[in-house]
Amino acid sequence: MRSDHVEEMILNVVSKKKLSFKTVLMDSWYATQRLMALVDNMRKIYYCPLKINRLVDDTGGVNKYKKIGELSWNESEKISGKIIKIKGIPLR
């Protein structure tokens, strides 16, 4: 599985190569709950496009999770993006 290989690479960078980094960029193909949780647990920031069926919350828990394709975007968010809570990824 590709995500297993990516997980090994991330762990190798941290534990063996001891490279310093703050941010992980990844394609939507690798945006699995397992990899996002791994990076999040390392206290790193990650940026990745998410598939439109992924359940997220952009209301701070006010409303239920909904598919990304159902989110509303204002003009500023269309340019800069927005912070969301992804279902299955715990908050720090």
Side-chain angles (χ1 to χ4, degrees):
M1 182 180 254
R2 286 185 181 177
S3 62
D4 290 342
H5 177 64
V6 173
E7 183 175 341
E8 287 175 28
M9 289 188 327
I10 292 170
L11 293 172
N12 185 43
V13 163
V14 171
S15 63
K16 293 183 181 170
K17 296 191 180 203
K18 309 249 187 248
L19 295 177
S20 177
F21 65 97
K22 295 180 193 175
T23 307
V24 175
L25 305 174
M26 59 186 160
D27 189 84
S28 63
W29 179 263
Y30 301 106
T32 64
Q33 189 277 335
R34 181 175 166 168
L35 284 177
M36 289 187 292
L38 172 69
V39 174
D40 195 58
N41 286 336
M42 293 177 169
R43 302 268 191 231
K44 307 297 182 187
I45 296 170
Y46 57 91
Y47 292 98
C48 56
L50 297 174
K51 296 182 180 177
I52 63 170
N53 64 344
R54 180 75 67 147
L55 294 176
V56 298
D57 173 33
D58 65 347
T59 67
V62 173
N63 296 324
K64 292 181 176 183
Y65 287 99
K66 57 184 159 187
K67 294 178 182 177
I68 287 177
E70 298 172 359
L71 293 178
S72 298
W73 298 79
N74 64 36
E75 291 305 312
S76 174
E77 291 168 337
K78 287 178 184 177
I79 295 168
S80 302
K82 63 167 69 185
I83 295 175
I84 57 169
K85 163 75 173 82
I86 304 168
K87 187 172 184 179
I89 304 292
L91 291 174
R92 288 191 216 169

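In this text the structure is predicted, and so the values were computed from the model without any measurement.
- When side chains are defined from C-beta on, K44 does not count as touching T23, because their heavy atoms never get closer than 4.5 Å.
- Residues L50 and I84 meet the side-chain proximity criterion, which asks for heavy atoms closer than 4.5 Å.
- Annotation: side chain of C48 is in contact with side chain of M36 (closest heavy-atom distance under 4.5 Å).
- Linking ILVMFWY residues whenever their side-chain heavy atoms come closer than 4.5 Å, directly or via other members, leaves I52 and L55 in distinct clusters.
- If you take OH on Y30 and CD on E7, they are separated by 13.5 Å, rounding to the nearest 0.5 Å.
- Remark: D40 CG to Q33 CD distance equals 10.0 Å, nearest 0.5 Å.
- Both L25 and I45 sit in one connected hydrophobic cluster of ILVMFWY residues. Membership requires side-chain heavy atoms under 4.5 Å apart, directly or through other members.
- Going from atom CG of L11 over to atom NZ of K17 covers 13.0 Å, rounded to the nearest 0.5 Å.
- At least one donor-acceptor pair under 3.5 Å links the side chain of N41 to the backbone N or O of A37.
- Residues I10 and L38 form a side-chain contact, since some pair of their non-hydrogen atoms from C-beta on lies under 4.5 Å apart.
- Atoms CE and CG, on M9 and D4 in that order, are 11.5 Å from each other to the nearest 0.5 Å.
- The number of heavy-atom neighbours closer than 6.0 Å to NZ of K67, taken from other residues, nucleotides and ligands shown, is 12 or below.
- By the 4.0 Å N-to-carboxylate-O rule, E75 lies close enough to K78 to be salt-bridged with it.
- Under the 3.5 Å distance criterion, the side-chain polar atoms of R54 are matched with a main-chain donor or acceptor of A31.
- The same ILVMFWY cluster, assembled from side-chain heavy atoms under 4.5 Å apart, contains both L19 and Y46.
- Looking at N12 and E8, their side chains never come closer than 4.5 Å, going by heavy atoms from C-beta outward.
- With contacts defined as side-chain heavy-atom distances shorter than 4.5 Å, the pair V14/M42 qualifies.
- Taking every heavy atom of both residues into account, D57 and Y65 meet most closely at N-CD2, 3.7 Å.
- Here the CG-CD distance, from L71 to E77, works out to 8.5 Å after rounding to the nearest 0.5 Å.
- Of all non-hydrogen atoms in W73 and I68, the two that sit nearest each other are NE1-O, 4.5 Å.
- Linking Ile, Leu, Val, Met, Phe, Trp and Tyr whenever their side-chain heavy atoms come within less than 4.5 Å puts W29 and I89 in one cluster.
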